[in-house]
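So that the names make sense, note that chain A is the first sequence line, chain B the second, and so on, each numbered from 1.
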2 protein chains.
Amino acid sequence: MNEKLKLENQLCFPLYACAKEIVRRYTPLLEPLGLTYTQYIAMMVMWEHKSISVRDMGKLLFLDSGTLTPMLKKMEKAGWISRKRSEEDERMVMVSITAEGEKLHDRAEAIPSKMAGCVALEGDEALQIYTLLHKLMKSF
Amino acid sequence: MNEKLKLENQLCFPLYACAKEIVRRYTPLLEPLGLTYTQYIAMMVMWEHKSISVRDMGKLLFLDSGTLTPMLKKMEKAGWISRKRSEEDERMVMVSITAEGEKLHDRAEAIPSKMAGCVALEGDEALQIYTLLHKLMKSF
DNA sequence: TACAATTAGATTGTATACAACCTAAACTTT
DNA sequence: AAAGTTTAGGTTGTATACAATCTAATTGTA
């Protein structure tokens, strides 16, 4: 059997499995805030940018409108953001953070340090993997 | 703003983004074979094990029955595998590869080397990330 | 040996993901 | 300015993922 078609020799598979598992571990921490993981990273964009087009958010998160549009509608309904078509360019929809959305930031403060405890890597290794993944991500 | 809640300071995010992007790049290579990425890794298990329980496949792939059951039914319909409840332990369902499933192996042979060209890492870096991700995966 | 606890899959419900396609708006080019 | 092209979002359809729950089979135990 072709060794290259063995699961243990894949580079993509551990990437896929680790990503899923870590997202899964975020879930109980995000659940009290009412956020899913994807909504959480969308809120990170909002906390930092306050107002941004769907297009630019998609570029930051590597997500397209097929994923973002329904999710942003849910987040609008939850009261964390508002959506409004831009007046300068009517093709664009601007997403803006609300006061409720800002409040979530305080409640999310404890999450990063809690998650750090879930990752079984020494500090040095975490930095290595961070560096390598960023290099890979920038090549996309 | 809390620096720890910035997207660029997350470890999980590049993991999530890289995994999605690499799976996305597999898609056109797998499409002629009629496989999705998840079906492809399931076939890897089948090519190696020939016959395995749903439970054990789930442990190898980090997937549960909620994902596997519907997918394996599709793969059975496609003719690559067969599903049969075990006679020794009627709780278990054994999945076995068919002749059609074995044929797919030949057609998949070219995929790993094609994918290698999609990853913008030097040989050394690919090994590093492989090692770190496996360490992380084993801690689950 | 009854009976409680565990286990394996299946099912249901919710939430992504993304390709493919559609519409409207903005931009290019002639 | 009219026609063709590109762009931004929205919609549809398909395929995961996974929590929660259910059923049937098996195992552990008093």
Side-chain angles (χ1 to χ4, degrees), chain A residues 12-13 16-43 52-59 61-78 83-95 140, chain B residues 12-13 16-32 34-43 52-78 83-95 140:
Chain A
C12 180
F13 174 67
Y16 158 87
C18 288
K20 275 196 311 151
E21 180 61 21
I22 293 190
V23 167
R24 208 178 63 76
R25 293 185 184 197
Y26 265 105
T27 306
L29 303 180
L30 294 171
E31 201 264 354
L33 282 70
L35 288 169
T36 64
Y37 178 73
T38 316
Q39 291 170 6
Y40 174 59
I41 58 175
M43 284 310 298
I52 192 171
S53 66
V54 172
R55 175 190 110 107
D56 288 342
M57 180 183 282
K59 282 187 179 170
L61 299 179
F62 300 91
L63 292 171
D64 71 3
S65 68
T67 303
L68 286 177
T69 298
M71 190 182 76
L72 292 173
K73 283 182 178 177
K74 281 178 215 163
M75 293 171 71
E76 185 177 39
K77 190 175 274 183
R83 292 159 66 253
K84 188 174 166 2
R85 203 160 276 274
S86 162
E87 285 174 12
E88 304 95 72
D89 185 340
E90 298 242 352
R91 288 173 304 182
M92 291 203 294
V93 167
M94 297 301 295
V95 185
F140 295 156
Chain B
C12 180
F13 175 66
Y16 158 88
C18 288
K20 275 197 310 152
E21 180 62 21
I22 294 190
V23 167
R24 208 178 64 77
R25 292 185 185 197
Y26 265 105
T27 307
L29 303 179
L30 294 171
E31 200 267 354
L35 288 169
T36 63
Y37 178 73
T38 316
Q39 290 170 7
Y40 173 59
I41 58 175
M43 284 310 299
I52 192 171
S53 66
V54 172
R55 175 191 111 107
D56 288 343
M57 180 183 282
K59 282 187 180 171
L60 290 172
L61 299 180
F62 299 91
L63 291 171
D64 71 2
S65 68
T67 303
L68 286 177
T69 299
M71 189 180 77
L72 292 172
K73 283 182 178 176
K74 282 177 214 165
M75 293 171 71
E76 185 177 39
K77 191 174 274 183
R83 292 160 65 252
K84 187 174 168 359
R85 204 159 276 274
S86 163
E87 285 174 12
E88 303 95 74
D89 185 340
E90 299 241 354
R91 289 172 303 182
M92 290 202 295
V93 168
M94 296 302 295
V95 185
F140 294 157

I want to verify a distance call: between [options], whose nearest atom is closest to the [X] side chain?
X: A:Thr36; options: C:dT16, C:dA25, D:dT16; answer: C:dT16
X: B:Thr69; options: C:dA10, D:dT26, D:dA19; answer: C:dA10
X: A:Val54; options: D:dG9, C:dG9, D:dA17; answer: D:dG9
X: B:Lys74; options: C:dA17, D:dT16, D:dG9; answer: D:dT16
X: A:Tyr16; options: D:dA17, C:dG9, D:dG10; answer: D:dA17
X: B:Met71; options: D:dG10, D:dT16, C:dT16; answer: D:dT16

- Where each residue is assigned the nucleotide of DNA chain C containing its nearest heavy atom, which of A:Glu90 and A:Pro70 is assigned the position nearer the 5′ end? A:Pro70
- Which sits closer to the 5' end of DNA chain C, A:Arg91 or A:Gln39, going by the nucleotide each is nearest to? A:Gln39
Whole-Å gap separating [atom2] ([N]) and [atom1] ([X]):
X: A:Leu33; N: C:dA15; atom1: CG; atom2: P; answer: 16 Å
X: A:Lys84; N: D:dG9; atom1: NZ; atom2: P; answer: 14 Å
X: B:Leu72; N: C:dA8; atom1: CG; atom2: P; answer: 16 Å
X: B:Met75; N: D:dT14; atom1: CE; atom2: C1'; answer: 16 Å
X: B:Lys73; N: D:dT14; atom1: NZ; atom2: C1'; answer: 17 Å
X: A:Glu87; N: C:dA25; atom1: CD; atom2: C1'; answer: 15 Å
X: B:Glu88; N: D:dT27; atom1: CD; atom2: P; answer: 11 Å
X: B:Arg85; N: C:dA8; atom1: CZ; atom2: P; answer: 12 Å

- Item | Side chain A:Ser65 and base D:dG10 donor-acceptor under 3.5 Å | yes
Over all strands shown, is [X] touching base, sugar-phosphate only, or nothing at heavy-atom distances under 4.0 angstrom?
X: B:Lys59; result: nothing
X: B:Thr27; result: nothing
X: B:Thr67; result: base

May I ask you to test the [X]-[Y] pair for a side-chain heavy-atom distance under 4.5 Å?
X: A:Phe62; Y: B:Phe13; answer: yes
X: B:Val95; Y: B:Met75; answer: no
X: B:Phe140; Y: A:Lys20; answer: no

- Spell out, as yes or no, whether a donor-acceptor pair under 3.5 Å connects the side chain of A:Asp64 to the backbone of A:Thr67.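 Side chain of A:Asp64 to backbone of A:Thr67: a pair is present.
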- B:Arg85 side chain to B:Met94 main-chain N or O, any donor-acceptor pair under 3.5 Å? no
- Item | Whichever of A:Glu21 and A:Arg55 has its nearest DNA chain D nucleotide further upstream toward 5' |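 First, find each residue's nearest nucleotide; the 5'-ward one identifies A:Arg55.
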- Query: Under 4.0 Å: is that the gap between some side-chain N or O of A:Arg25 and OP1 or OP2 of D:dA19?
  - Reply: no
- Query: Between B:Leu68 and B:Met57, what is the shortest heavy-atom contact and its length?
  - Reply: CD2-SD, 4.1 Å
